[in-house]
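In what follows, a structure is listed as structure tokens, so that the remarks can point back to it.
Ligands are counted one by one from 1 in listed order, and the atoms in each one are counted from 1 as well.
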Amino acid sequence: MHTEEVKAGNITIGGGRHIVVQTMCNTHTSDIEATLAQCRRLYRAGAEMIRLTVPAMSDVEALAAIKGKLREEGIDVPLVADVHFSSEIAIAAARVVEKVRINPGNFHKDHLKACEQFARLTDVCREKGTALRIGLNHGSLGERITTLYGNTPLAMKEAAMEWIGLCIGNNFRNVVVSLKASNTLVMVEAYRLLARAMEEQGIAFPLHLGVTEAGNGDSGRIKSAAGISTLLSEGIGDTVRVSLTEDPENEIPVARYLSDRYGNRLHSSLTNLYMEGKKAIATYDAPSRERLLLDFSCDFGKMLLDRKIDEVELRGRYAGQGGEEIRLDGSEESAYLSDELLQATRRKFYKPEYIACPGCGRTMYNLEETFNEVKRRTSHLKGMVIAVMGCIVNGPGEMADADWGYVGEGNHKVSIYRKKTPVLRHVPENEAIDRLLELIDKEGRAE
Ligand code: SF4
């Protein structure tokens, strides 16, 4: 899909350029030294854009200080301010950094007022040469749109088209759009609908791709690669962020792989493919386990999402960490990876489905450690959707279709949600997983 060029500092998104790799700090932006240190590491790891959370006006000052220091050091990576709810903070941030990410629907409950605030923001962006991302996630769409279209990919597309229309009406075109979801089917469908709608109307704003709240480890990588690669293989997408509940440095190699592969700078290690009805038998000769996992997710994610095949069997080999050959044929690893990809593409639920945010400056506890503990203690709850979210501000809205939610409140307290409803509040952090399990158990017995 041909897209317009969007400029954010020295980086151009769209216009047929390479797929830009970006990530986000998980430090508190007000902790300038920690954020600077993380920005330096992310830049050295290959991040081409770095997003920082800006929850309060005081963080805009920190943002300016961080940007100033990085530029002094010769680090020219564009910074993106992540702003929720406040158009005033977004406007202030647009005067400081190269790009601002907002969900304009949550600026104000009154849609007309939100539109006015959005128009003022686009004026400032135009004046300052700042890029804007309209980031609409599944689960945080707002009542007006969901009443009309439900909480669906169509609603995501319709919401995006409304804000896009306002940008065009206000003669502001330095815009990137994202429609993320943790459910890969929803995410792929939403972006496809938006790409088609824009094309029909002769609009070509670049798209930022991501599977949000993808979790961590193999599952996070497989889910992200399957969703994002499906779209990139269709020419949809100009920049990617792989969200992992891990150190953000770990996101870069995965995003870089996707950028290289769909920029034709890297090829799959698949050496042979045999089809038996709707089953694919795939043979690999991969240079590492991570490459195998990414190649496999990209080679077969789209076919599974689109129901072109029903199962896939992995054969061949990959090189272990010490260079030793690890055979896949008939192995547990082969069956496990196959199950992981089937779950990532929502074709089979062989374990619980986890939704976990990557964490950011709003995170109120050790998210990665807690998430791993929740996974360890709930691994028997096959098919259940469990969310672990870093903050009470965005967490409940973003956990979309979770059955249960563990949401950090701050001050070492946690809220536990049953679907969208908080059922326990202010639970001390060290008791929260026990309480969650008790509730799940109680409900199971009642049924
Ligand atoms: S839900 Fe997670 S990633 Fe989103 S704002 Fe809260 S802490 Fe940050």
Please check if the distance between the ring centroids of W404 and Y417 is under 6.0 Å.
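Not close enough - the centres of the two rings lie 6.0 Å or further apart.
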
Number the atoms of ligand 1 from 1 as they appear, then name those within less than 4.0 Å of a heavy atom of G395, with their elements.
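Atoms satisfying the 4.0 Å criterion: 1 (S).
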
Atoms of ligand 1, numbered as shown, that sit under 4.0 Å from any heavy atom of G390
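The atoms of ligand 1 under 4.0 Å from a heavy atom of G390 are 2 (Fe), 7 (S).
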
Of the protein's non-hydrogen atoms, which lies at the shortest distance from [atom], and what is that distance?
| atom | result |
| --- | --- |
| atom 4 (Fe) of ligand 1 | N394 CB, 4.1 Å |
| atom 2 (Fe) of ligand 1 | C357 SG, 2.3 Å |
| atom 6 (Fe) of ligand 1 | C391 SG, 2.3 Å |

With a 4.5 Å limit on heavy-atom distance, are the side chains of Y257 and Y262 in contact?
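No, too far: nothing below the 4.5 Å cut-off.
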
Quick one, E189 and L185 - any side-chain contact, counting heavy atoms below 4.5 Å?
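E189 vs L185: side chains apart.
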
Does ligand 1 have an atom under 4.0 Å from some heavy atom of R362?
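It does, in that a heavy atom of R362 comes within the 4.0 Å cut-off of ligand 1.
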
So, 4.0 Å and heavy atoms of T363: is ligand 1 close enough to count as a contact?
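The answer is yes: ligand 1 sits under 4.0 Å from a heavy atom of T363.
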
Is C360 close enough to atom 8 (Fe) of ligand 1 that one of its N, O or S atoms comes in under 2.8 Å?
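A backbone or side-chain N, O or S atom of C360 is under 2.8 Å from atom 8 (Fe) of ligand 1.
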
Would you check if there is a donor-acceptor pair between the side chains of D59 and T29 at a distance under 3.5 Å?
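The criterion, which ignores hydrogens and geometry beyond distance, is not satisfied for D59 and T29.
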
Shortest non-hydrogen separation from Y354 to K375 and the atoms involved
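Smallest heavy-atom distance, with atoms named: OH-O, 3.4 Å.
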
State whether the number of non-hydrogen atoms from other residues, nucleotides or ligands found under 6.0 Å of E73 atom CD is greater than 12.
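More than 12 heavy atoms, drawn from other residues, nucleotides or ligands, come within 6.0 Å of this atom.
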
